[in-house]
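Report on one structure; see the data block that follows.
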Amino acid sequence: MISPINLFEYEELAKTHLPKMAFDYYSSGAWDEITLKDNRAAFTRVKLRPKMLVDVGEINLTTEVLGASLQLPLMIAPMAFQCLAHPDGEIATAKAAVSASVVMVLSTLSTKSLEDVAMVDDGLRWFQLYIHKDRGLTRALVERAYAAGYKALCLTVDAPVLGKRERDQRNEFTLPPGLHPANLTKMSGLDIPQEKGESGLLTYFAQQINPALTWKDLEWLKSLSPLPLVLKGILRGDDAVRAVEYGAQGIVVSNHGGRQLDGAIASLDALPEIVAAVDGKAEVLLDGGIRRGTDILKALALGAKAVLIGRPVLWGLAVSGETGVADIINLLKEELTTAMALSGCARLEDIDSSLVICR
Ligand code: FNR
């Protein structure tokens, strides 16, 4: 195929570059993949109401999240095992993020260590945390992330156990020789097991991740570092209110890209209730199904401060490493710029709920 011109073409091309086990792991959702598909469908249900005869000669995409200024309202979602897509994995993603001034959220389960990723210039990075049963290990991860200059802790709250991704079960998903969850292997020798008839990642979660985590544990987590806390995976207004009460400064409205509870509400559908409940007391971000500039516009119109992209980054990585990730970001940036111009919005502050109708 000639150079991809949109994120869907990147996915098609990436499929031809990746071993089946890796492509299936990246692309799949849980069980019947209803939520995975609905994350996309939700964007088609929202219609735009563009304003005409507005001066859109200059489009400004800058915004602020947790006090830091961003060049565009886009961040990179935490995703495990990026070296399955490209040998440089998370380092390539970090370089592309720095060049585009985009925040990268690094997964606990990265295949390059958080310290190695932190060596990539001084980009704005957050650390995503999975709380392990071993509290000492969890504490050490937080301390390492803080010491390495990560600017926020993004606690994933929608994965007390791993969602059942049947393609991974069928493939008996594990990491190929030479790849490890670098943050953990380095510190405590943990690795993704190989298991007959099961996904090794599912087994890892069952063995290592704490399924008994509750709101009360957030006090302990906050005591480990001065980093602001962002909760990722909130889908209800009442949980969002609690998140704020427990001191979260940010919320990522997310269903983990349809990989956890199948049948869960599409993240875009959950957004308005959460924005209303939070009432400006925390920053509300969204991920799940963002593939076009118009998707970003719709999410912002419904109250998100910024969005995160997941899988498209992996498609960019698989196709051409850092260059591919940079191109993914740039495609979305260009599409958002055009969509804003066509909607009569010169600045992000001009995007409000009057721009959309939800059916
Ligand atoms: C993820 N996601 C994820 N989330 C998280 O909090 N920690 C993690 O380690 C991972 N790992 C991961 C791996 C892969 C391969 C995917 C596709 C996703 C979820 C991710 O952060 C995000 O919520 C979704 O990917 C967003 O949806 P889209 O953009 O992929 O549709």
Side-chain angles (χ1 to χ4, degrees), residues 7-8 10-11 14 18 21-30 33 35-43 74-86 89-90 93 103-112 114 126-132 141 152-160 162-163 165 167-168 173 175 181-184 192 199 201-202 204-205 208-209 230-235 251-261 264 266-268 270 285-292 295-296 299 304 306-318 325 328-329 332:
L7 274 52
F8 300 105
Y10 258 102
E11 175 169 0
L18 289 168
M21 187 186 290
F23 180 79
D24 281 353
Y25 168 65
Y26 284 165
S27 59
S28 62
E33 305 190 337
T35 300
L36 173 69
K37 293 180 200 107
D38 204 37
N39 274 349
R40 283 293 310 138
F43 285 100
L74 180 71
M75 303 176 39
I76 296 182
M79 282 171 295
F81 312 145
Q82 297 185 16
C83 286
L84 287 173
H86 188 276
E90 292 84 359
T93 304
V103 178
M104 170 181 180
V105 189
L106 184 76
S107 169
T108 289
L109 296 175
S110 55
T111 36
K112 298 282 184 192
L114 67 92
W126 297 359
F127 184 71
Q128 176 270 330
L129 187 67
Y130 280 131
I131 297 203
H132 285 62
L141 277 173
L153 267 189
C154 179
L155 176 68
T156 301
V157 295
D158 60 10
L162 199 73
R165 304 152 195 175
R167 288 192 258 168
D168 291 347
F173 174 81
L175 292 177
N183 295 320
L184 303 153
I192 305 303
S199 153
L201 184 58
L202 187 128
Y204 180 90
F205 263 67
Q208 304 297 339
I209 302 299
V230 176
L231 297 192
K232 172 173 180 283
I234 297 285
L235 290 172
I251 287 167
V252 184
V253 180
S254 170
N255 50 40
H256 215 110
R259 295 162 74 82
Q260 287 297 105
L261 176 66
S267 35
L268 190 71
L285 312 172
L286 169 133
D287 76 19
I290 298 278
R291 301 292 181 269
R292 285 285 187 189
D295 299 336
I296 305 178
V307 300
L308 294 83
I309 48 166
R311 294 178 183 86
V313 169
L314 303 170
W315 309 145
L317 261 186
V325 179
I328 292 286
I329 296 170
L332 282 175

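Both ligands and their constituent atoms are indexed starting at 1 by order of listing. Computed over heavy atoms, backbone and side chain alike; hydrogens, waters and symmetry mates excluded.
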Is ligand 1 less than 4.0 angstrom away from at least one heavy atom of Y130? yes

If only atom types and distance count, is the side chain of R311 paired as donor or acceptor with the main-chain N or O of G257 below 3.5 Å? yes

Subset of ligand 1 atoms that lie under 4.0 Å from at least one heavy atom of S254: 23 (O)

Minimum-distance protein heavy atom relative to atom 25 (O) of ligand 1: G310 CA, 3.8 Å

Backbone or side-chain N or O of G289 under 3.5 Å from ligand 1 N or O: yes

Please list the nearest protein heavy atom to atom 23 (O) of ligand 1 with its residue and the distance rounded to 0.1 Å. D287 OD2, 2.7 Å

For E11 and W315, indicate whether the former's side chain and the latter's backbone hold a donor-acceptor pair under 3.5 Å. no

Can you tell me how far the CG atom of L84 sits from the OH atom of Y26, to the nearest 0.5 Å? 4.0 Å

Options Q260, R259, R311, ranked by nearest heavy atom to atom 14 (C) of ligand 1, top entry: R259

About how many Å separate CZ of R259 and CG of L36, when rounded to the nearest 0.5 Å? 9.0 Å

For a side-chain hydrogen bond (donor to acceptor under 3.5 Å, both in side chains) check, start with the C-alpha distance between T111 and E90, then their side-chain angles and the critical distance, and finish with the verdict. CA-CA 7 Å; T111 36; E90 292 84 359; 2.9 Å; yes

Hey, what's the ring geometry for F205 with Y130, parallel, tilted or perpendicular (30° and 60° as the breaks)? perpendicular

For atom 10 (C) of ligand 1, find the nearest protein heavy atom and state the residue, atom name and distance (0.1 Å precision). P78 O, 3.2 Å

Give the numbers and elements of all ligand 1 atoms closer than 4.0 Å to a heavy atom of Y26. 15 (C), 17 (C)

With nothing but distance in play, are any N or O atoms of A80 less than 3.5 Å from an N or O of ligand 1? yes

Please identify which of these residues, L314, L74, V325, meets the side chain to side chain contact (heavy atoms under 4.5 Å, CB included) condition with I309. L74

Quick check on R291 - does any of its heavy atoms sit under 4.0 Å from an atom of ligand 1? yes

Flag, side chain of Q260 to backbone of G163, donor-acceptor distance under 3.5 Å: yes

Side chain to side chain donor-acceptor pair (under 3.5 Å) partner of N255, the single match among T35, D287, D38, N39: N39

What's the spacing between E33 CD and S28 OG if we round to 0.5 Å? 6.0 Å

I'd like to check which ligand 1 atoms, numbered from 1 as shown, lie under 4.0 Å from a non-hydrogen atom of L314. 15 (C)

For atom 19 (C) of ligand 1, the protein heavy atom that lies nearest, with its residue and separation: H256 CD2, 3.5 Å

Under 3.5 Å between some N or O of ligand 1 and some N or O of Y25? no

What residue and heavy atom of the protein are closest to atom 4 (N) of ligand 1, and at what distance? K232 NZ, 2.9 Å

What atoms of ligand 1 come closer than 4.0 angstrom to any heavy atom of T156? 5 (C), 6 (O)

On the six-membered ring of F8, is R292 placed so that its NZ or CZ lies under 6.0 angstrom from the centre and within 45° of the ring axis? no

Using a strict cut-off of 4.0 Å, indicate which atoms of ligand 1 neighbour a heavy atom of G288. 26 (C), 27 (O), 31 (O)

Protein contact to atom 9 (O) of ligand 1 [nearest heavy atom, distance to 0.1 Å]: S107 OG, 2.7 Å

Does V252 come within less than 4.0 Å of ligand 1, judged by its heavy atoms? no

